[in-house]
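Here it is, the structure in full.
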Amino acid sequence: MEAGPRDTADTADGAPGRIIPDGPEPDGTPPAHLREPLGEEVEVELRPQRRMRIWHLAPITALTAVGSLMFAFPLAFAYEDGGAVVAMLGLLLCCCAAGWGVMAARRVGSTWPGLPPRGSGRRPDWRVIALYTLVVVALAVLAVWRVARLR
């Protein structure tokens with residue numbers, strides 16, 4: 001394949017094919033192949049779309065399910081002395097899965113509601129961070145208090 005827009009194929013009678021000129025016509029107009037409309041332009045994104053894949057979600061979901069069951073069963077049914085330990089381990093697994101999920105979501109470009117996107121240069125609002133902190137602390141205190149009541 002040649003680098004230029006020349007058509008050098010031989011014709012059926014063996015004569016050389018037509019040659020498309022590179023420069024303008026003698027009257028100054030561009031060559032015919034440059035005057036033709038190119039058609040619709042299509043913009044294509046070369047980078048793949050960043051989204052959560054099944055190998056991100058499957059271990060997070062499995063760890064959350066196991067942790068939730070470990071946390072819920074000692075609370076729902078009367079376990080002996082080991083109930084508090086099993087419930088705390090379940091709570092730990094749930095927290096690990098939540099952290100893992102947050103980090104996976106951050107890696108694909110997701111952000112928490114109310115916080116600026118990563119790399120935008122904007123600072124997060126301190127009230128939003130305070131609200132998130134308050135919710136996490138309240139949930140942790142309630143969970144530890146409930147497990148402590150098992151004894």
Side-chain angles (χ1 to χ4, degrees), residues 1-10 17 19-24 29-151:
M1 179 187 240
E2 295 182 13
R6 298 180 185 270
D7 183 10
T8 59
D10 291 337
I19 296 177
I20 301 172
D22 287 337
T29 61
H33 70 281
L34 294 179
R35 284 182 286 188
E36 297 170 359
L38 297 176
E40 257 184 65
E41 291 187 24
V42 177
E43 185 174 325
V44 177
E45 181 67 35
L46 296 178
R47 294 178 300 181
Q49 185 179 10
R50 299 174 82 185
R51 60 183 171 185
M52 296 285 274
R53 305 273 189 214
I54 189 69
W55 57 85
H56 294 126
L57 295 176
I60 296 168
T61 306
L63 192 62
T64 303
V66 169
S68 298
L69 290 174
M70 286 177 68
F71 182 66
F73 271 96
L75 299 178
F77 305 108
Y79 269 74
E80 308 267 326
D81 293 335
V85 174
V86 172
M88 286 305 287
L89 285 175
L91 181 63
L92 178 66
L93 283 176
C94 285
C95 291
C96 289
W100 194 0
V102 166
M103 293 310 295
R106 181 180 170 146
R107 182 159 293 188
V108 297
S110 300
T111 60
W112 288 83
L115 296 179
R118 218 171 140 188
S120 68
R122 296 184 317 184
R123 294 182 57 99
D125 189 12
W126 68 270
R127 292 173 290 211
V128 174
I129 293 177
L131 179 66
Y132 282 132
T133 305
L134 182 67
V135 167
V136 168
V137 168
L139 289 175
V141 167
L142 287 173
V144 171
W145 174 64
R146 179 65 179 116
V147 170
R149 287 186 51 201
L150 286 176
R151 290 206 163 218

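The structure displayed is predicted, hence computed values, not measured ones.
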Identify the two heavy atoms, one from Ala87 and one from Phe71, that lie closest to each other, and give their separation to 0.1 Å. O-CD1, 3.2 Å

Gap separating the CG atom of Leu69 from the OG1 atom of Thr64, nearest 0.5 angstrom: 11.0 Å

Testing the basics here: between Gly101 and Ile60, what is the closest heavy-atom pair and its distance to 0.1 Å? CA-CD1, 3.6 Å

With respect to Met70, which candidate in Leu92, Leu91, Val86 satisfies the side chain to side chain contact (heavy atoms under 4.5 Å, CB included) definition? Val86

Looking at every non-hydrogen atom in both residues, tell me the closest pair between Thr111 and Leu115 and how far apart they are. OG1-O, 3.9 Å

d(Leu63 CG, Ser68 OG) to nearest 0.5 Å is 9.0 Å

When rounded to the nearest 0.5 angstrom, what distance separates CH2 in Trp100 from CG in Leu93? 11.0 Å

Please give me the minimum heavy-atom distance between Pro124 and Pro116, naming the atom from each residue. CA-CD, 3.7 Å

